[in-house]
Structure formats: structure tokens, C-alpha cells
Amino acid sequence: LRFETLEALRLSSKGRLSYCSRWQEDEAALEGCVAPVELSPYCGWVLDSLSGQLAQEITPTGTSTPKQSTPLRKRASAEKIPPGSHRSFSPPSSTEPSETKENDHLSPLEINQEVVPAVLSSKVAKVEGCIRMYEEMHRLKAKERLRQRQEEQEQMVRAAYAQASEQLKRFDELRELKRHQEFQELQEVMEKSSKEAQGQQEKLKEEHRHRAKILNLKLREAEQQRQRQEELERLRKEEGQERLRRLYSIQEELLQLNQQIDPNYRHKDLPRIDLSAYSNRGNQICGLVSGLIRTTSERGFPTQADVASTERALQEMRGLISSMQQEIAAALEEKKRKDEEEEKQKQKELEKKEQMKSQTPAPAQQSGGKQQKEGLQVKTEESIMQWYQQLQDAAEQCVAAFSEIGNCKGNTEVKKIKTNLQKAATIPVSQISSISGSKLREVFDKINNLLSGKPVQTEGQTVSVTQHPQGLEFVCYKLAEKFVKHGEGEVSFHRDSAFPIAVVLSGIWELHPRVGDIFLAHLHKKCPYSVPFYPARKEGTSMEEYQRMLGYEVHDSKVEEQDHFLKRMSGMIRLYAAIIQLRWPYGNKQGAHPHGLSYGWRWLAQMLNLEPLADVTAMLLLDFLEVCGNALMKQYGIQFWKTMFFIQKSYIPRIEAVTSSGQMGCLSRLKNFVQKCLQAEEIPLPKGILTPSFWRT
């Protein structure tokens, strides 16, 4: 029986379960305990069969087993299998449900009769019932314990969750506190750093203000020092220019005084007086002064000692002139006395001859003799020629003074300086025009600043004559040469342009006499009729060279045409005639014109004393009178009108005598001009003269 029981237990669903000793660690085992108890689908009819069998066995004995079995059956029948549990267990075969349905239609008696052979003994059923009851009890206990354990676990979880939440809160609070503390510390550090930075910045600002104040003071002192230096430099230059002008004026006076010592010109009729010593000493003094001026020009500006030396030389020259004049006066007195004695002797002899003639018959007068007319001069006066030669010598000395710049083929730096200086001297002259007075003044200021040693801008480069010791001489020469070229080119085609060029040159001449002298030398060489001077052909002089001396341009043995030659000569004479009557309106009007109307009056007088040349003389006189005739009329009055009358009555016929029929154009215009002026008793203003309103433009 015992083995049968064990066999039944083994064959039961419970016996077929696998048990694990480490079920607490296995979650699957725990799920099996928690899951609801599942009964076999055959438990219902098994219990019904057992209930019927037990009722038959107990009925004779009258026990109360049925009463006990009834609750068990009810309990067993009451425990219905949930729908999900039926689905979780698959039936043994597909025939089982159908058999179950068929069994449901059978009566309990028929079922009992079919199952009785297979039912175990009642004891087995009882044990199985006890086992099931025990399992149910343990299941309930396990369920209760599981529920309690779940509650404990839930409480533990809730407690752990609450504790974790509290710890998290504390942690968040601690972290927030630390963050706040760090933020406070960082803010304090930033505030401290900001305060330190502000303090440092204030210190730097204060130091910067202090340094700026010191720098401003230094800059102000430097600016004042620079202004003082500029003022001193300006005063030095002005004094130097004044001393240089003084040297030039002394040199000019020396040269004029030296002309008076010429023993072969004025006092050649005093053969017994030897003036060679005076002449030699005068030439030595002039040479010393010229060398001194050349040296000071190379050095910059002359010093007061140089001026004193030249003044002593001038005093010595005046002393020479005084001694020479005294000696000449004494010689003249002696000669006069001898001449008077000779005159008396001749008078006595004439009286004797008259007495003899009165005693003899007079011879017949010869008829048909020609009466000689006093002719005009062929050569220019000696004093004018000496002046001409002095100007040429001054130009040659100027060329020699800048020999280093003139011959700078191998020196690139000097060549660059030469090019820049030449551009700075010639470009402003090309910009002279009668557009407006302000433009003309700008050109004048450029030229004046360049000659004064100030830096000027030329084609984007700064140029100054102080860049080279010979820069000033070079600029003076090139500037004078450019003025002459502008006269023979621009004025010959645009006659009105003579006046703006002349007024600028007159202002420059007044401030820088050296430029004027070199200009005259260039003008006389290009146009000898501006002296006036008719060059004579010397022995050994070729025809080409002689034509160049007359003013013609000769290229490749070809002489320029006469019309072109006359235009060039006309332009230069017009420029010269404009210069002698114009002055720079912004200059010093208290001083005399450096080359005024007196030179023009001398030119006109000397021109009328020379034999006329065909075509040239008429053209020169007409241009000269058209440009400066009005100014000469205002200056010399009745003397000028006498000259005009002389031109009409005497000089024009002489021009006609040497002029061919094909060259009468200029002569006809000259005759008409002189005739109209004499009839109107007025010389018209030249066309293109600069009016006062021009300088306000």
C-alpha cells in the first residue's frame, strides 16, 4: 500500500514537478509559488466518483463521512479553473474535449460504473485528498507569506525609495549649497578681480594722463622749438638772400666802376696817362668779388664777413676811381692848357693866312662836288657792348659753377637730382597763362620757393636746391633759359602770352637778380637785336657759325626759313618789351624796377642810331612800339613824340632804301602804326595787357 501511494504520488502532477534546493535564488520558482493553484481537468469527476463510492461504504456504518465529503466536493467543485489556466495547459489529445462532452451527457451512475475499475482504493483517495488539502493549506500559507513578504518588500522598497528620495534631496541640497557657495566665492573673486582691475585701470588712466600731459608738454616744446628753428632759418635765409643781393649789387657797381677805368675807351686821347695799373687793380678786385660770390653760392648764403669784404673791395674800387679821376682831371687840365696855347697859335697862323689870301685872287670854286651826309652808326656803342660781354661772362661763370651737375654721367644720384631740379625749374614756366591771377601767383610762388631754398613738389617728389651745393646755380641757369625758350616759342605764336610771362619773370628778377642777368645773357645770345647788336663776320668764321651769331637756327647745314626766324625774333622782342614795363604786383614797390623803362628808352635810341636792316628792323620797331609804346609815352612825354616824328620823317625812309619790294609787309605796318599814333597823339594800350581786375580772379 505504501509503495502504491508513492507510485501514485510520483505519477501525480505534483510528483512530476522539479524541485530546486536554491529556489530562493530562482525567480522562476518564485513565480510558481505565487501563481494560483491549478487542478487537473479530471479532478471533478474523480471527486464525484470518490464521493459516490464513499457514500456506499459509509452508509451501512452510519458514519458522518458523507457530511465531510460534501464540503470537499463542494469545495472541489467550487474551485473552478480560471479561463486563462485552461488555455495554459494543452489537453493530452484532441479527443479529450469530445470525451468530456460525451461524459457530461452521462448520468453519475453510468460514469461511476465506467470509472470504478480504474479508481484507486478509498485510502488512496483519502491520502490524495489530504495531500491536496495540505497543499491547499500550504498554498494559502505560502500565498499569505508571499503577500506579507510582498508587503514587506513594498514597505522596504517604499522605505528605500523614501530614504533614497531623502538622500537625493539632501544630496541636491548639498549640491545646491556647494554650487551656491562656489557661485558666491566666484562672485567674490570676480568682484575682487573687478575692483583690482578697476584700481589698476584707474592707475593706468592716471599714469596715461600724466604721460600724455608730459608728452603734450614735450610736443608743445618741440613745436615751439621747431617754429623757432623755422623762424631762425627763415630769418637766416632772408638775411642770406639780402646779403646775396647786396653782394650782387656790389658786384654790379664794381663792374660799372671798372668800366670807367678802361684806358682804351674814354681817355685814349690822353696818351701820356697810363691807367693800366688802375685797370689791373680793378680787374683784380672784380675777380676777387666774383670768386667770393661763387664760393658763397656753392656754400649756401654769404656771411656778414663776406659782405664786409665786398664792401671793402667796393670802397677800394671807389678809391681807385677817385684817384684815377683826380689824375685824369689833372691831365685834362694840363691838356686843356696846352690845347688853348695851340689854339692861340693856330689862330695867329690863320690870321696870317687870311692876310695873305686877301692879297691874292680867290680860285674858282669847283662845281659838281658831292656833299657828304653824316651817316648812322654801324657798330653799337662800346659801353653797351661791354655790358653785353659782362652778361655773357656771368652766364659762362654760372655754367662753370655747376660743372659737377652738368657732367654727371657716371653718378646716378647726382643725375637724379639734376633731372628733378630741371623739372622743378621748367615745368612751372610752362604752366604760366592768363587764365587767372591766382593761378599765376601759384606759379610764381613755386619758382620763388625753389630759388629760396624751400622744398617744392614736382611730379610727386620733393625737390630743393639745397640737395646739391651747385643746385642754385643750375636752377638759375635752366630757369632763365626756359623763359627765353618760352618767349621765342609761346609768344611768337600767342602774342598776348608775353604779359603773364613777363610779370612773373619781373617778380623773380626783383627777388633774384642772378636769374635776370642770366636771362639777358640767353636773350642776347638768341636774339642779338635785343642788345641791339649786329654781329660782324670775323675772319675764319664759317657761314653757318655767322648765321647762328645773327640768331638763325641751323640744323644739318640747313638754315631756317626767314618767316620762322622773324616770328622767333618778334616773340623775344615782345617779351623783352613787356618785361621793362611790368612789375610783380605783390612785390616791393618802393625799390626800382631791376630792368625798367630806361633800358627800353636806351634800346630804342640805340636802334635808331644803327643802320637799318631789311625786314628785321621794321619788324622789331613795330613789335617794340606796340607793346611798350604807351608806357614810354607816359614816361618820356614830348621826347617820345620827337622820337616818333624822327622815325616817320627820317628813319622810315632809310628802311625803305634798304628794303626790296617783296619785303614791304612789315615796313607798311610800321608806317601805318606811326602815322595813326601821330595823328591821334596817343599810343594805344597793347592787346592782352594785365588789368587790375585780372589779379582778383
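Starting from 1, each residue takes its place in the sequence as its number. Computed from a predicted model, the values in this text were never measured in an experiment.
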My understanding is that only residues two or more places apart in sequence, or in another chain, count here; which of them pass ring pair (Phe, Tyr, Trp, His ring centres under 6.0 Å) with H494? none
With sequence neighbours excluded, what pairs up with H522 under the ring pair (Phe, Tyr, Trp, His ring centres under 6.0 Å) test? Y477
For this output row, return yes or no: ring centroids of H524 and W387 closer than 6.0 angstrom. yes
With E207 as partner, the option from R209, K205, R211 fulfilling salt bridge (Lys or Arg N to Asp or Glu O under 4.0 Å) is R211
Does the side chain of Q397 come under 3.5 Å of the side chain of D393 through a donor N or O and an acceptor N or O? no
If I take atom [atom1] from residue [X] and atom [atom2] from residue [Y], how far apart are they, to the nearest 0.5 angstrom?
{"X": "L314", "Y": "R246", "atom1": "CG", "atom2": "CZ", "answer": "6.5 Å"}
{"X": "E510", "Y": "N448", "atom1": "CD", "atom2": "CG", "answer": "11.0 Å"}
{"X": "L235", "Y": "E233", "atom1": "CG", "atom2": "CD", "answer": "9.5 Å"}

Check the pair R696, S693 against side chain to side chain donor-acceptor pair (under 3.5 Å), reporting the backbone distance first and the verdict last. CA-CA 5 Å; R696 294 192 292 270; S693 61; 4.8 Å; no
May I ask you to check if R574 and F624 form a cation-pi contact, with NZ or CZ under 6.0 angstrom from the six-membered ring centre and within 45° of the axis? no
Pairs touching residues 221-232 that satisfy side-chain hydrogen bond (donor to acceptor under 3.5 Å, both in side chains), sequence neighbours left out: E223-R226, E223-Q227, Q225-R228, R226-E230, E231-R234
Identify which one of F519, W603, Y576 satisfies the ring-ring contact (aromatic ring centres under 6.0 Å, His included) criterion when paired with H595. Y576
